[in-house]
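The sequence lines fix the lettering, A, B, ..., with proteins before strands; numbering per chain opens at 1. Bear in mind that the values here come from a model prediction, so they are computed numbers and not experimental data. When reading the values below, keep in mind they use all heavy atoms of this one structure, side chains included, and skip hydrogens, waters and symmetry mates.
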Amino acid sequence: MVERLAYAFLFTIFLILVPLIGVGILNLQKVFSIFVPYLAFLIFLFGLVYRVLSWATSPQPFKIPLVAGQQRSLKWIKSSYIESPYTKTGVFLRMLLEIIFFRSLLREEKVETHPKKWLLFTSKKALWLGSIIFHYSLLVIALRHLKLFFEPVPSFVSLLHRADSLFEIFLPTVYITDILALLALLFLFFRRILVRQVMYVSYATDYFALLLIISVILSGALVRYFFRVDLFDVKRFTLGLVSFRPYVPEVVGSAFYVHLFLVSFLFAYFPFSKLIHAGGIFLSPTRNLENTSREKRYINPWNYPVKVRSYEEWEDEFREMMREAGIPVEKEEKES
Amino acid sequence: MKRVYDGKKIITGLVLFLAAFTSPFWYNTVFGTFDYVPELKVEKNGKECVKRTSYMKTNHMVLLRFWRDEVVRSGKRIYKKEDGTEIEMSLSGTCLKCHKNKEEFCDRCHGYLGKAPRCWSCHNVPREAKK
C-alpha cells in the first residue's frame, strides 16, 4: 500500500520538474505559457463532453435509487419525501442537497463493539467537514482567479477578494480560503494514510489527485506570497489567451510556470479521473431516480419486441384435442 | 449513432456549463476590452524610484508595509536608498511626489487587476494627486 503513495508522490514531483526544466533550463517559455494551457483547455472541453455523452448514451436497465428513507406505500406508513423521493420535486431537492451540502457524507459512522457486546454507532462528521471546506474554498479560489480573465473585473469578483482577505494579515493579504483549502486537503490526505481501512481502499490516483491540488495551491501561494510576479504582465498574458492573441509574459519566474503547468495538467486530467465526479454526480442513477419501482413500471430501454404467444392462441390450436382428452377449455366453440 | 437518454436535460446542462465555463472568451469579446492595457502615468522629475522598477512592480506592497511598520512601530522616518541618499518614508509625501496622479497610476493598475488596497482608508490623498 505504501508503494501507491510513493507512485503518487513521484509523479507529482515529476510534474513539478517538467516546467522547472522546460522553462528554467530549456527556455521553452512559449510552449509552457501558450501551447500547454490551450492544449489542456481543449483536452478538458472535449474530455468533458465525451464523458458526459458516454454516460448519456448508456442505457439504464433498472430503476436503482439508493435511498435511506421509507418508501411511499400505504397511507398510514409515514414515507420520506426527500430521502426516498417519489416525485420529481423530491428528486430535485435530494440532488440539490447532495450537490450543495454533500449530504451523503454526513452519514459516515464509526462502528465499535462495547464491552457489554453492544454494537455502537457513532456519527462522524470529519470527512464531511473537510470535504465541504475544501470544495467551497476551491470554488472561491477559482472564482477569484476570474479577475485575471475578465476586463473590466466584475464587481462580485472584487467583493470576493475583499471578503476573502477580511482579516488583512500581512501584505499582500493572506486569503482565508488559501489556508482553509490547504488545511482541508492535508486532512483528506492524511486521512488516507492514518486510517488503516481508508488506506487499504486508497489507490495511487486517490493520493495523486489530492497531491496535485495541494501542489497547485502551494505553487499559487508561492507566486503570491514569496516569488511575487508582475500581475500587470500576468493579466496581459491571461487576457491574451482568452482573446486568442497570445502574449508571452516577459519577466515571471519559474514558480509561475510551475503553477500554470500544474493547473493545466489538472484541467487535462480532470475528465479522465475521479475528479469528474463533479459532472458525474448529476448523472448518478442511484441518486437521480424516483424510488417508485413498485408504483410505476420501468421499461428497460434494451427491451426488444419479444415474440409471444398468448394462451388464447394456444388454446385455439389445441382445443379439439383438449376436449377429446377431457381437459377444460376456456372458450367453448359453438357445436357444429 | 447511439441513442441519447434524457438528451434534452443532459445536453441543456452541458451547453449551459460550457457557456459559463468559456465566458472569459466571449465576455471580453462582447465588451471589446480584451486588448485594453492601462497606461500608467509617472512624472519622474529626474528622480529615481526608491528601488528599481522591476522590484517595485512586484514588491511595492512589501516596501510600503515595511515603511508603515518602521514609522508606526519604531518611529523611524528616514529610509536609506541603495545609492545612499536618504528619503522620508511617507506614502503621501514621497511616493505621490512622482506618482502625482493617483487615479492614473495607482487606481488604474489596481482596478485592472481587481485590487482594492486599503491604503486610502487612513491616508489622505494630497490635492494635486486627487484631480
Side-chain angles (χ1 to χ4, degrees), chain A residues 41 44-45 48-49 51-60 144-155 157-162 165 168 170-173 223 225 227-236 238-245 247 250-253 278-279 282-283 288 301, chain B residues 1-18 20-40 52-69 108-119 121:
Chain A
F41 192 74
F44 175 80
L45 286 188
L48 182 86
V49 171
R51 286 303 295 268
V52 170
L53 288 183
S54 72
W55 288 323
T57 47
S58 310
Q60 168 62 45
R144 276 205 273 108
H145 278 77
L146 290 183
K147 71 173 182 198
L148 294 174
F149 294 94
F150 286 102
E151 176 55 41
V153 179
S155 55
V157 177
S158 315
L159 196 72
L160 216 54
H161 275 267
R162 291 191 79 163
S165 52
E168 295 187 45
F170 302 125
L171 227 164
T173 43
V223 170
Y225 304 111
F227 305 108
R228 259 178 299 281
V229 291
D230 182 6
L231 275 182
F232 188 84
D233 212 28
V234 171
K235 181 148 185 178
R236 262 187 89 178
T238 48
L239 281 184
L241 282 184
V242 296
S243 56
F244 300 107
R245 297 172 180 199
Y247 164 79
E250 279 160 20
V251 272
V252 288
F282 292 93
L283 298 182
N288 63 14
Chain B
M1 186 72 188
K2 281 186 189 167
R3 192 179 146 192
V4 179
Y5 301 92
D6 289 319
K8 260 187 204 164
K9 284 183 225 165
I10 293 174
I11 288 168
T12 314
L14 197 59
V15 167
L16 282 179
F17 172 78
L18 291 180
F21 192 75
T22 53
S23 56
F25 288 91
W26 48 262
Y27 178 95
N28 300 301
T29 316
V30 169
F31 282 78
T33 46
F34 49 79
D35 50 0
Y36 167 70
V37 178
E39 195 192 327
L40 306 179
R52 58 182 196 282
T53 315
S54 62
Y55 177 88
M56 291 310 278
K57 271 185 179 172
T58 56
N59 285 336
H60 59 278
M61 68 300 269
V62 177
L63 184 79
L64 287 173
R65 184 181 80 201
F66 174 72
W67 280 17
R68 179 198 66 190
D69 290 353
R108 197 170 268 181
C109 192
H110 287 147
Y112 180 61
L113 300 169
K115 301 277 175 193
R118 272 164 248 190
C119 312
S121 52

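With a 4.5 angstrom heavy-atom cutoff, A/F282 does not touch chain B via any of its atoms. Neither the backbone nor the side chain of A/T173 comes within contact range of chain B; no heavy atoms are under 4.5 Å apart. Contacts between B/P38 and chain A at a heavy-atom distance below 4.5 Å involve backbone atoms as well as side-chain atoms. For B/L18, the part lying near chain A is the side chain, with the backbone staying farther off; criterion is any non-hydrogen pair under 4.5 Å. The contact between A/F244 and chain B is made entirely by side chain atoms (from C-beta outward), counting heavy-atom distances below 4.5 Å. In this structure, the portion of A/L283 lying under 4.5 Å from any heavy atom of chain B is its side chain and not its backbone.
Taking the six-membered ring for Trp and the full ring otherwise, A/F41 and B/F25 have centroids separated by under 6.0 Å.
Taking 4.5 Å as the limit, every side-chain heavy atom of B/V37 sits out of range of all side-chain heavy atoms of A/Y247. You'll find the side chain of B/D6 stays beyond 4.5 Å of the side chain of A/Q60, heavy atoms only.
Applying the side-chain hydrogen bond (donor to acceptor under 3.5 Å, both in side chains) test to B/S54 and every residue at least two apart in sequence or in another chain returns B/R52. By the side-chain hydrogen bond (donor to acceptor under 3.5 Å, both in side chains) test, A/R162 is found to be paired with no residue, residues two or more places apart in sequence or in another chain being considered.
Contact between A/V229 and B/T58 at its shortest, heavy atoms only, is C-CG2, 3.3 Å. Counting all heavy atoms, side chain and backbone alike, A/V242 lies closest to B/P24 at CG1-CB, 3.7 Å. Pairing each heavy atom of A/P152 with each of B/Y27, the nearest pair is O-OH, 3.1 Å. What you find for B/Y5 and A/T57 is that their closest heavy atoms are CE1-O, 3.6 Å. When all heavy atoms of A/P301 and B/R3 are compared, the closest pair comes out as CB-NH1, 4.3 Å. Nearest heavy atoms, B/M61 versus A/P172: CG-CD, 3.7 Å.
Atom-to-atom distance recorded for A/D230:CG and B/Y55:OH is 14.0 Å, nearest 0.5 angstrom. The distance from the CZ atom of A/F232 to the CG atom of B/L40 is 5.0 Å, given to the nearest 0.5 Å. Distance CG/A/L48 to CZ/B/F17: 5.5 Å, rounded to 0.5 Å. The OG atom of A/S54 sits 7.5 Å away from the NZ atom of B/K2 when rounded to the nearest 0.5 Å. Between the OG atom in B/S23 and the CZ atom in A/F150 there is a gap of 3.5 Å [rounded to 0.5 Å].
Ranked by heavy-atom pairs shorter than 4.5 Å toward chain B, the options A/P59, A/S165, A/S158 are led by A/P59. Of the listed residues (A/R228, A/K147, A/R144, A/R236), the one with the most heavy-atom contacts under 4.5 Å to chain B is A/R228.
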